[in-house]
Each structure stands twice: as structure tokens, then as C-alpha cells.
Amino acid sequence: MGFISRGELQRLVEPDRVHRSVYVDPAIFDMEMERVFGRAWIYVGHESQVPKPGDYITALIGRQPVVMVRHTDGAIHVLYNRCGHKGAVVVGERCGNAKFFRCCYHGWTYKTDGSLLGVPLRTGYEGTSFDTTNAAFWMAKVPRVQNYRGFVFASLADHGLDLKTFLGTALSSLDDMVDRAPEGQLEIAGGCFRILQRSNWKIFMENLNDLMHPMIVHESSVEAARQQGREVAPGEPQPLVIKILAGNGEAYSFWERLGVTVDEHGHSFMGGIVSPRSNDPVFLQYVAAMEKNYGKERTEKILSVNRHNTIFYPSCSVQASFQQMRVIRPLAIDRTLVEVWNFRLKGAPEAMYQKTLLYSNVVNSPSSIVMPDDLEAYNRVQVGLGTAGSDWVSLHRDTGRDRPGSGETSAIGTSELPMRNQFRAWLRYMTAEA
Ligand code: FES
Ligand code: FE2
């Protein structure tokens, strides 16, 4: 693995520009896997994916394949997906249910808390130091796991901030997401879109709060929506799909007003583009279910929040008002897997979930008329940064115009504050003592 000294890393990140090598140098990627993804809290999965004992999903934390599994006592464990014998990946499926895990190679079996259940030919181990009760032979537990209202995060580091402190200001977006469920619980529903991006993970992460790009990158889908919108009879409400698509075509002044808010761990969120609120019968039925459980005042308070993307640096992002989550799994310096998950609001009419799917299909699906335009832009950035035209990426916009608050900083929506803030966090992770 290439090694880049602290001093050299510091020279790559200036307050308002970054060196292109942070997106194209494989040695940087190796270090990120250890120092960013090996230290931060990383989203693994949602507890609704493992409702019963033995239910499991597999995931990646940086380069580490892991299994998130519900044990017989109901506890959720996150285990390294590695056999205690010769290291084979034990669980090959994306999800499933198992009474125990059996390695495909020599048949060692593990309980769903990772402890060793049995090995074939036990007699061969007699008189050796092998011991089934010694955790060195188990599927090891990831050092730290915490569940916040159903969202399970894990950290490969055995020390550091607790999850709530780490999530900071962004925590309120997870609350926003869960509070929208009349029964106060979410569940992942339907499948998952998986998008393999031919670009560095940070390009996607930055774009999630890039409010300068929608009217340019998404021009074609905005125009299509406007054309369709003109065909809606006067006095008739615009269909949701048109509102969502046309939202990207708002003027710069609209995006400035939305605002962005960041906090010290690299997280950030922006104001909402399209409100899910409407007077259609489905939404009114949903409001009635909310009011039944929360009362009028609390319901109003919950529904008056409207945020678009919230970034939980460095591993995921939610769009709370349409129950979307995107999970970022970097695979290589120029390869990033993004997963798109949809949540059902427990206690809400089924038709609300259909709106969630509509949003996902219109905006986040790789076959939508929105997402591929972003992908083209990410790929062009990746290709361009690999060339010799210049060594620097500009993050200058609205530098020096931030509005510091208590524990958070905000700016007009078109500011590049979220990107500058991500790189401040990045540099801290990359240069911190272990
Ligand atoms: Fe798993 Fe041998 S590598 S049992
Ligand atoms: Fe976009």
C-alpha cells in the first residue's frame, strides 16, 4: 500500500480547493478505507431487514465484508464475514435466515452470535491449543455496534465518539424519518436498486448537497415535465411525478433560499424541494392516522419539517419526506456501489408507500430520467480529474459567507460549504492519530 505522510495529506486539502489526487490516487483510497471507513460509524442496515432470529443480511464496512444477524436472544450482531479456520467468507448470500452459519470449505459451523458451534473431526484437535470457546476461532464481532431507532451503524474502531454524538445535527433527520410513521417505526420494503458508479465515492457524496447542478444536469427531464405539465387542465393539480421532476428546474434564488446546514463530522442537510403534503385523499388519510397517534399539534410539527438530502458522512444519505435511503459502498478509487432503499411508514395507508416507490422510480432508479444524468456528470469528473489539465478542484463558492450557529453552520443553498466541510472532516480522519 502506498503511504502518504500527514504533511502531504495536509497539502492536498486547502480551505477552498482540493488536489485532484484525492479522487484518482489508489494510495489515497487504501488510506481512506483504513482511516475514514475504519474509524467512522458506518451504516450497516435497518433492523426491519432482520426481524426474526436467524435473519441476516451481508454488507461492507469499507473493505470488510460483514454479516448483520439477529441472534436467538433477539440481539443484533455485526460479525466479520470470515471463517475462524482459514479465513473463507462464510455467508455468500445477500440475505436469508439461518439456524447457524456453515463455512463452505471445511464445514466449521457458527452460532448467530459468531461463536463456534462445531468443527468436523474434533479428535484431530485433541492435544492442540485449538479450543471452541476461544473467540480467536470464531467469526469475530465488529468492535462497536449501535442501533438508533432501527438504523444499525457499526464502527471498526474500538474507541471513539458514541453514535449519537457522531451523528450530531444530522440525527434530527433520522428522527424526521421515523417520526413520520404513525406507529413510530419504519420498515424496509421492496427491493433495492444497486448502481455501480464509475467514479469516486466522494463525487457522489458531494453531489447530494450540490444545489448548483440540478437546473443544468437535469435540464432535459425538467423540460419534459414542463411540457407534460402544460397539458394538465387548468385548475387541476399537477401530478406528483411532474412536481418532482420540475422541481429540479427552479431558479437559483430558490436553491439559495433552501439553505444548507453542516456540522463538524462532515454531515449536512438541505431544505426540501418538493413537499409531500397535499390535499389528496391518500395524504389526508395519512394525516388522520398521524393525528390519531400523535395528536394534531405534534403531527403538524412533524409534517412541517421538509428536508431534501441529509448526508451522514461517509456512508449514507436519507431523503426523509419520501422515505428514501442511499447507502454508499466505495469499491475502488473509481468504483462506487450505491444502494437505494425504500421504507414503509408503519401505520400509514399502503398508498403512501406507492408514493415512496414513485419517488424512487422517478429520481433514484438507474433507469429513471434523472439519475443517469448525474451518473454521466460523475463519470466525466472522474475522467477529467485523471488528466493533466490542472491539479486542483475549486470549492470556492461562497467561501467566507458561512453563518456559524451553535454546533452547526449554515449557508445559502448554492454555497459549496458542504463540500468544504466534508473535506475538513476527511482531513481530520486521514491525519488523526490511530
Ligand atoms: Fe472455513 Fe475451513 S476455511 S472451515
Ligand atoms: Fe442530480
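Indexing begins at 1, ligand by ligand and atom by atom, following the structure's order. All residue numbers in this chain count up from 1 along the given sequence. If you're wondering where the values come from, they're calculated on a predicted model, not measured in any experiment.
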Practice task
Please check if the distance between the ring centroids of Phe137 and Phe130 is under 6.0 Å.
Solution key: yes

Handout entry: Sole candidate of Ile42, Val69, Leu156, Val66 that passes side chain to side chain contact (heavy atoms under 4.5 Å, CB included) when paired with Val78
Key = Val66

Exercise for the section: Go around the Fe ion (ligand 2) and count every protein N, O or S atom nearer than 2.8 Å. Expected result: 4

Handout entry: Identity and distance of the protein heavy atom lying nearest atom 3 (S) of ligand 1
Key = Lys86 N, 3.4 Å

Practice task
Considering non-hydrogen atoms only, spot the tightest contact between Ser173 and Phe312 and give its length.
Solution key: CB-CZ, 4.2 Å

Exercise for the section: Determine the sole option in Tyr148, Phe166, Tyr43 for which the ring-ring contact (aromatic ring centres under 6.0 Å, His included) test with Phe153 is passed. Expected result: Tyr43

Problem - Least distance between heavy atoms, His396 atom then Thr399 atom - result: O-OG1, 2.6 Å

Handout entry: For Cys83, the ligand 1 atoms whose distance to one of its heavy atoms is below 4.0 Å
Key = 1 (Fe), 3 (S), 4 (S)

Completion exercise
The atoms of ligand 1 lying under 4.0 Å from a heavy atom of Gly107, numbered in the order shown, are 4 (S)

Practice task
Would you check if Lys202 and Glu32 make a side-chain contact, meaning some heavy-atom pair closer than 4.5 Å?
Solution key: yes

Exercise for the section: Determine whether the side chains of Trp392 and Glu14 contain a donor N or O and an acceptor N or O closer than 3.5 Å. Expected result: no

Practice task
If you have a sec, work out which protein heavy atom is nearest atom 2 (Fe) of ligand 1 and how many Å separate them, to one decimal?
Solution key: His106 ND1, 2.1 Å

Practice task
Please assess Met68 against Val145 for the test side-chain contact (heavy atoms from CB on, under 4.5 Å), listing each intermediate value before the final yes or no.
Solution key: CA-CA 10 Å; Met68 179 175 108; Val145 179; over 6 Å; no

Completion exercise
Note: ligand 1 atoms sitting under 4.0 Å from heavy atoms of Tyr105 are 2 (Fe), 3 (S)

Handout entry: Proximal atoms of ligand 1 relative to Trp108 (non-hydrogen, under 4.0 Å)
Key = 4 (S)

Handout entry: For the student: nearest non-hydrogen atoms of Met371 and Asn364, plus distance
Key = CE-O, 3.9 Å

Fill in the blank from the handout: Here the atoms of ligand 1 under 4.0 Å from any heavy atom belonging to Cys103 are 1 (Fe), 3 (S), 4 (S)

Exercise for the section: Over all heavy atoms of both residues, which pair between Phe343 and Tyr353 is shortest? Give the atoms and the distance, please. Expected result: O-CD1, 4.0 Å

Practice task
With atom 2 (Fe) of ligand 1 as the reference point, give the N/O/S atom of His85 that is nearest.
Solution key: ND1

